[in-house]
Amino acid sequence: MNTEKILTVAQVVTPIFVTVFLGVLARRRKILTPEQVQGLQQFALKFGMPCVVFTSCLTADMGVESLSSMGLVLIAVLLSTLLSFRLRKQRYPYHNLPMLFCAQETGMMGIPLFIILFGAGQAYRMGVLDLIQAVTAYPVIAILTTDTGENPTVSRMLRKILSSPLMIMSMLGLFFNLSGIGAWLNRVGVGGILTASTSFLSQPISALMIFSVGYNFSLAKECRRTVLEVAGIHFGLFALFCVVIQGVLLLLPNVDSLTRWAVLLYCALPASYLSPGLGRSAEDYTMSSGVCSILTATCLMVFCVMAAAVA
């Protein structure tokens, strides 16, 4: 790798690790409280990220490759979800284990990282994958929140997810795009005002979300062997899915290379950060937090390789 390419990669990767480090530092030095960081996360998740996905879905040129990648990812997460229930029954009796395999962390990690590499206009390529994995994630959430007095009811949990700003804005952006409303707004001169407003709100999102990842990064000593095993199974399984999906996409005509990059990043993402919160015991929380931490670090390493490849 020549010096120019090394510098180009460093320009992409260094801000990521600096932001993660600042998050870790903020927690250790108690510069910010968990409540303050949660406030930053809520701003990003309820205002900034929905704007990113809305703008991207509104302006996206939806092609056959998007539908193909969505279908292939759906098959993959369905298989991994079935495997997770089998693993929970036979080897890892943790209540929230299936949540580690039914959804990837596209919201907090996938979309911000993809934006860094390819721009906000291409965020829809990750956004559609986030939408399709909801087919498996919602039933699993319903199952894991059943028959417990501490967690919300199934209907309340599903209603909360379906009414989330990220979901609403994603579907709204796709509706405006596919129905032609977005094109009409551009013709009457309103479209530019709308996208300028949403783009303004989305500017700090990548930094906020990656900072939050650093702040919450942890790997407790308890269950370390189990954590490593489960993280290894997750990484190996999605690496296999990535190879298969990439092979199928190569056989399809006119598939944009950015769609293949989106699939690669999706398969490298950590498991959903909802996983710890769906546990019923300290062991559940410790195991899933450790797995998410290891997979987050692995994802950032894969991201570095991607940055080098696209530089």
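By convention here, the first residue in the shown sequence is residue 1. Side-chain atoms are counted along with the backbone in the values below, which use heavy atoms only and exclude waters and symmetry mates. Small disclaimer: the values here were computed from a predicted structure and weren't measured.
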remark   = Separation between CD1 (Ile75) and CZ (Phe241), nearest 0.5 Å, reads 10.0 Å

inquiry  = If you compare all heavy atoms of Ala103 against all heavy atoms of Gln133, which two are closest, and at what distance to 0.1 Å?
reply    = CA-OE1, 3.5 Å

request  = Kindly compute the distance separating CD1 (Ile245) from CG (Leu250), expressed to the nearest 0.5 Å.
outcome  = 12.0 Å

ask   = Is it the case that one hydrophobic cluster holds both Trp261 and Met301, taking links as side-chain heavy atoms less than 4.5 Å apart, direct or via other members?
value = no

query = Is any side-chain heavy atom of Phe235 closer than 4.5 Å to a side-chain heavy atom of Ile294?
reply = no

For Ala271 against Glu105, the heavy-atom pair lying closest together = O-CB, 3.8 Å

message = So, taking the atom named CG in Leu113 and the one named OH in Tyr266, what distance separates them when rounded to the nearest 0.5 Å?
response = 14.5 Å

query = At what distance, to the nearest 0.5 angstrom, does CG of Leu258 lie from CZ of Phe118?
reply = 5.5 Å

ask   = Taking the side chain from Gln246 and the backbone from Arg260, do they hold a donor-acceptor pair closer than 3.5 Å?
value = yes

request  = Applying side-chain contact (heavy atoms from CB on, under 4.5 Å), run through Cys292 and Leu100 and close with a yes or a no.
outcome  = CA-CA 8 Å; Cys292 289; Leu100 292 170; 4.0 Å; yes

query = Hey, does the side chain of Arg88 reach the backbone of Leu97 with a donor-acceptor pair shorter than 3.5 angstrom?
reply = no

inquiry  = Please determine whether residues Ile233 and Leu82 belong to a single hydrophobic cluster, defined as Ile, Leu, Val, Met, Phe, Trp and Tyr linked transitively by side-chain heavy-atom distances below 4.5 Å.
reply    = no

ask   = Between Val77 and Ser80, what is the shortest heavy-atom contact and its length?
value = O-OG, 3.0 Å

query = Under 3.5 Å, is there a donor-acceptor pair between the side chain of Thr136 and the main chain of Leu78?
reply = no

request  = Check whether any side-chain N or O of Tyr215 sits under 3.5 Å from a backbone N or O of Leu32 as a donor-acceptor pair, and report yes or no.
outcome  = yes

key: Gap between atom OG1 of Thr33 and atom CZ of Arg27 - 0.5 Å precision   = 13.5 Å

key: Common cluster, Tyr285/Val230, ILVMFWY with side-chain heavy-atom separation under 4.5 Å   = no

task = Indicate whether the side chain of Gln104 and that of His234 have a donor and an acceptor atom separated by less than 3.5 Å.
result = yes

ask   = Any side-chain donor paired with an acceptor under 3.5 Å for Ser288 and Asn96?
value = yes

inquiry  = Counting only heavy atoms not in Arg86 (residues, nucleotides, ligands), do more than 12 fall under 6.0 Å from its CZ?
reply    = no

request  = In sequence, state the C-alpha distance, the side-chain angles, and the governing distance for Phe303 and Leu117, and then conclude on side-chain contact (heavy atoms from CB on, under 4.5 Å).
outcome  = CA-CA 9 Å; Phe303 176 80; Leu117 287 181; 3.5 Å; yes

Donor-acceptor pair, side chain of Thr195 and main chain of Gly192, under 3.5 angstrom = yes

Distance-only side-chain donor-acceptor flag, Thr296 / Tyr273, under 3.5 Å = yes

remark   = Sorted by chain and residue number, the salt bridge (Lys or Arg N to Asp or Glu O under 4.0 Å) partners of Arg91 (sequence neighbours excluded) come out as Glu229

key: Phe17 versus Cys304, closest heavy-atom pair with distance   = CE1-SG, 3.3 Å

query = Which distance, rounded to the nearest 0.5 Å, do you find between the CG of Leu295 and the SG of Cys299?
reply = 9.0 Å

key: side-chain contact (heavy atoms from CB on, under 4.5 Å) between Val18 and Leu22, worked out   = CA-CA 6 Å; Val18 169; Leu22 290 176; 4.1 Å; yes

request  = Kindly give the heavy-atom pair with the smallest separation between Leu249 and Ser69, and that separation in Å.
outcome  = CD2-N, 4.4 Å

ask   = Got a donor-acceptor contact below 3.5 angstrom from the Asn177 side chain to the Gly173 backbone?
value = no

key: Step-by-step side-chain hydrogen bond (donor to acceptor under 3.5 Å, both in side chains) determination, Thr198 to Thr55   = CA-CA 7 Å; Thr198 54; Thr55 304; 2.5 Å; yes

Name each donor-acceptor pair under 3.5 Å that joins a side chain in residues 179-189 to protein atoms two or more places apart or in another chain, with its distance.
from: Ser179; atom 1: OG; to: Phe175; atom 2: O; distance (Å): 2.5
from: Ser179; atom 1: OG; to: Ile181; atom 2: N; distance (Å): 3.4
from: Asn186; atom 1: ND2; to: Gly182; atom 2: O; distance (Å): 3.4

query = Linking I/L/V/M/F/W/Y whenever any side-chain heavy atoms sit under 4.5 Å apart, do Leu269 and Val305 land together?
reply = no

task = Starting from the C-alpha separation in whole Å, work towards a yes-or-no answer on side-chain contact (heavy atoms from CB on, under 4.5 Å) for Leu251 and Val248.
result = CA-CA 5 Å; Leu251 297 176; Val248 175; 5.5 Å; no

inquiry  = Donor-acceptor check, side chain of Ser199 to backbone of Ala196, threshold 3.5 angstrom: yes or no?
reply    = no

query = Are Leu264 and Leu300 joined in one hydrophobic group, where the rule is that I, L, V, M, F, W and Y side chains link up if heavy atoms are under 4.5 Å apart?
reply = yes

key: Phe54 and Phe176 aromatic ring geometry - parallel, tilted or perpendicular at 30°/60° bounds   = perpendicular

request  = Taking all non-hydrogen atoms of both residues into account, name the closest pair between Ile111 and Met126 and its distance.
outcome  = CG1-CB, 3.9 Å

